[in-house]
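Just so it is clear, the model here is predicted, and its values are computed rather than measured. Any value given below was found using the heavy atoms of this structure, including those in side chains, with hydrogens, waters and symmetry copies removed.
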Amino acid sequence: MAELRHRGATDKEPQHQNLEDKGSETEGKERDGASDNETKSDSGVPEVPVSADDTPEVLNKALSGLSSRWKNWWVRGILTLAMISFFFIIIYLGPMVLMMIVLCVQIKCFHEIITIGYSVYHSYHLPWFRTLSWYFLLCVNYFFYGETVADYFSTLVEREDSLRILSKYHRFISFALYLTGFCMFVLSLVKKHYRLQFYMFGWTHVTLLIVVTQSHLIIHNLFEGMIWFIVPISCVICNDIMAYMFGFFFGRTPLIKLSPKKTWEGFIGGFFSTVVFGILLSYVMSGYRFFVCPVEFNNDSNSFTVYCEPSELFQLQDYGLPPVLQSITGWTTVKLYPFQIHSIALSAFASIMGPFGGFFASGFKRAFKIKDFANTIPGHGGIMDRFDCQYLMATFVNVYIASFIRGPNPSKVIQQLLALRPDQQLHIFNSLKAHLTEKGLLPALEAAA
């Protein structure tokens, strides 16, 4: 009996083990099925054709003896110096050229993202959609640049009858233009391609939100003074270069899976380098009116002017040092421009939050199995690859200026006052006069006059 019991127990164990094996096989099949589904879903994403090596033949011959790692380092370095030199040239040419460059960069970035959409979804055959994408770009630019003209060129608008009419009904005209494109899209819908057409409709509008809106904010920052344009852009460039250098030579610890080449060493090195660079660059630029004065339109010469009396933000002031620094340096105070304090916030954002724009772009490219947005710049990819962090930085600078630097725009307030009826203007005049008299400012102003 004991022997039979032992045999029964030994017989049950294999049966139980077989059930476990079958269960584990079932679980394994389910997991394999899930992984297969994931693979299928990933493989279902159409791939954009990989562009060929676009490195100039001269560089290929000169660097042929180097490994691919060092060859890429030299190509990126040479092209980076070329782009920085071009950046200096357009700064020298003035704000008008800078605005034109921003517009050209915006159009090129839009073209790169829309082209990826066409390639991914094979939407070249969709009726009217390429035309509609560019039409929507035109409509959005008309709206934003019209708002800019109304804000910063109010005297010119009031002087020209045609501009005054366009300014008065600007938003209605912009909405009518967009509504026309919307109706054209609805009329272009084809039964077999509904889903694909709505994919591309959403793709176009998200691209407009990311590219056109941010470039409009860059131009607004430029009007506040070229220093608000140059310092943030330069901080992003510095962080990009120094993070690459620190990561190239010292990088060991991966930072984020979306960008396997990014390292903590590069991230930290880029942060400290960018903060120091921002403080030094701000000190140099704060001493020149060309950089610190708001960009204004001169009606007499019909040109942009950047001459003014610098505000307190760009005048040297004494700041007391903490006791620890006093014991190290032997100084009790130090002379700084107030803008240098603000530059620390700009540099910190450029090196901490700015890279997330690059991570976002990396995730986007990984989703569609592409290395770069385009092959415009050898070693760097497309224009969008270079400006993915700049757009996020532009939004921060615009919000920072509106929150901590300036109040309402006087030109816009005057324009709104001039649009009121005479009795409303008179009421505001009397209210303002009473307010200034109560503050004791009006008699002083009359005596000065």
Side-chain angles (χ1 to χ4, degrees), residues 82-117 130-153 156-157 163 166-167 170-171 173-174 177-178 181 204-234 236-237 294-297 302-306 357 361 373-374 376-377 380-398 401:
M83 287 188 288
I84 291 174
S85 302
F86 178 70
F87 184 54
F88 285 141
I89 292 172
I90 61 175
I91 289 172
Y92 175 77
L93 293 176
M96 191 64 186
V97 176
L98 282 172
M99 282 187 273
M100 292 297 103
I101 292 296
V102 170
L103 179 61
C104 293
V105 167
Q106 174 216 114
I107 293 172
K108 179 58 179 170
C109 290
F110 181 82
H111 171 259
E112 290 177 359
I113 299 177
I114 289 297
T115 300
I116 291 173
R130 182 181 290 272
T131 304
L132 283 175
S133 296
W134 289 99
Y135 176 80
F136 282 126
L137 175 67
L138 178 66
C139 291
V140 176
N141 271 309
Y142 174 81
F143 171 74
F144 281 124
Y145 280 92
E147 292 285 314
T148 301
V149 170
D151 288 346
Y152 295 99
F153 303 90
L156 176 64
V157 169
L163 290 178
L166 288 174
S167 176
H170 170 68
R171 296 192 176 185
I173 295 171
S174 301
L177 290 172
Y178 178 82
T204 300
H205 281 67
V206 171
T207 305
L208 291 172
L209 177 65
I210 293 174
V211 175
V212 182
T213 307
Q214 313 302 322
S215 62
H216 171 70
L217 296 179
I218 291 177
I219 292 177
H220 265 241
N221 299 339
L222 177 61
F223 275 107
E224 296 297 327
M226 292 181 66
I227 195 169
W228 291 104
F229 173 87
I230 297 171
V231 169
I233 287 181
S234 300
V236 172
I237 294 172
V295 178
E296 296 178 348
F297 185 79
N302 286 330
S303 62
F304 290 100
T305 59
V306 285
F373 283 95
T376 309
I377 310 170
H380 291 269
I383 299 295
M384 190 64 197
D385 290 286
R386 293 299 90 212
F387 282 83
D388 47 10
C389 301
Q390 297 288 2
Y391 286 130
L392 189 62
M393 186 71 189
T395 306
F396 172 74
V397 174
N398 190 268
I401 292 173

Problem - Residue pair Glu224, Phe229: steps toward the side-chain contact (heavy atoms from CB on, under 4.5 Å) verdict - result: CA-CA 8 Å; Glu224 296 297 327; Phe229 173 87; over 6 Å; no

Exercise answer: donor-acceptor pairs, residues 85-105 side-chain atoms, under 3.5 Å, sequence neighbours excluded:
{"from": "Ser85", "atom 1": "OG", "to": "Leu81", "atom 2": "O", "distance (Å)": "2.8"}

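- Annotation: the span from Lys108 atom NZ to Ile113 atom CD1 amounts to 11.5 Å, rounded to 0.5 Å.
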Practice task
Apply side-chain contact (heavy atoms from CB on, under 4.5 Å) to the pair Ile230 and Ser234, showing each step before the final yes or no.
Solution key: CA-CA 6 Å; Ile230 297 171; Ser234 300; 3.6 Å; yes

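- Between Ala394 and Gln214, the shortest heavy-atom contact is CB-O, 3.9 Å.
- Atom OG in Ser167 sits 9.5 Å away from atom CD1 in Ile173 (nearest 0.5 Å).
- Not a single donor-acceptor pair under 3.5 Å links the side chain of Asn141 to the backbone N or O of Leu138.
- Scanning for side chain to side chain donor-acceptor pair (under 3.5 Å) contacts around Tyr178 gives His205, with sequence neighbours left out.
- In this structure, CD on Gln106 lies 9.0 Å from OG1 on Thr213, to the nearest 0.5 angstrom.
- Heavy-atom minimum distance, His170 versus Tyr142: CE1-O, 3.1 Å.
- Here the straight-line distance linking atom CD1 of Ile237 with atom CD of Gln390 works out to 5.5 Å at 0.5 Å rounding.
- A distance-only check finds no donor-acceptor pair linking the side chain of Tyr391 to the backbone of Met384 [under 3.5 Å].
- To the nearest 0.5 angstrom, Ile401 atom CD1 is 10.0 Å from Phe396 atom CZ.
- Ile219 has its side chain within reach of Tyr145: a pair of non-hydrogen atoms, C-beta onward, lies under 4.5 Å apart.
- Among all heavy-atom pairs drawn from Asp385 and Ala374, the shortest one is OD2-N, 3.9 Å.
- Applying the side-chain contact (heavy atoms from CB on, under 4.5 Å) test between Pro232 and each of Ile218, Ile227, Val397 identifies Val397 as the sole match.
- Under the rule for a salt bridge (Lys or Arg N to Asp or Glu O under 4.0 Å), Glu112 has no partner lying at least two apart in sequence or in another chain.
- For the atom pair NE2 (His220) and OG1 (Thr148), the distance works out to 3.5 Å, reported to the nearest 0.5 Å.
- Within the 4.5 Å cutoff, side-chain heavy atoms of Trp134 are placed close to those of Ile107.
- Taking every heavy atom of both residues into account, Cys109 and Ile383 meet most closely at SG-CG2, 3.8 Å.
- Listed by chain and number, the residues in a side chain to side chain donor-acceptor pair (under 3.5 Å) with Thr131 amount to none (sequence neighbours excluded).
- By the side chain to side chain donor-acceptor pair (under 3.5 Å) test, Ser133 pairs with Tyr118, Thr204, sequence neighbours left out.
- Contact record, Gly357 with Cys389: C-SG, 4.4 Å, taken as the closest heavy-atom pair.
- Residues Phe144 and His216 approach most closely at O-CE1, 3.2 Å, considering heavy atoms.
- Checking side-chain atoms of Ser215 against main-chain N and O of Val211 turns up a donor-acceptor pair under 3.5 Å.
- Every residue two or more places apart in sequence or in another chain that forms a side chain to side chain donor-acceptor pair (under 3.5 Å) with Asn221 is listed here: Asn398.
- For the pair Leu137 and Leu208, the minimum side-chain heavy-atom distance is below 4.5 Å.
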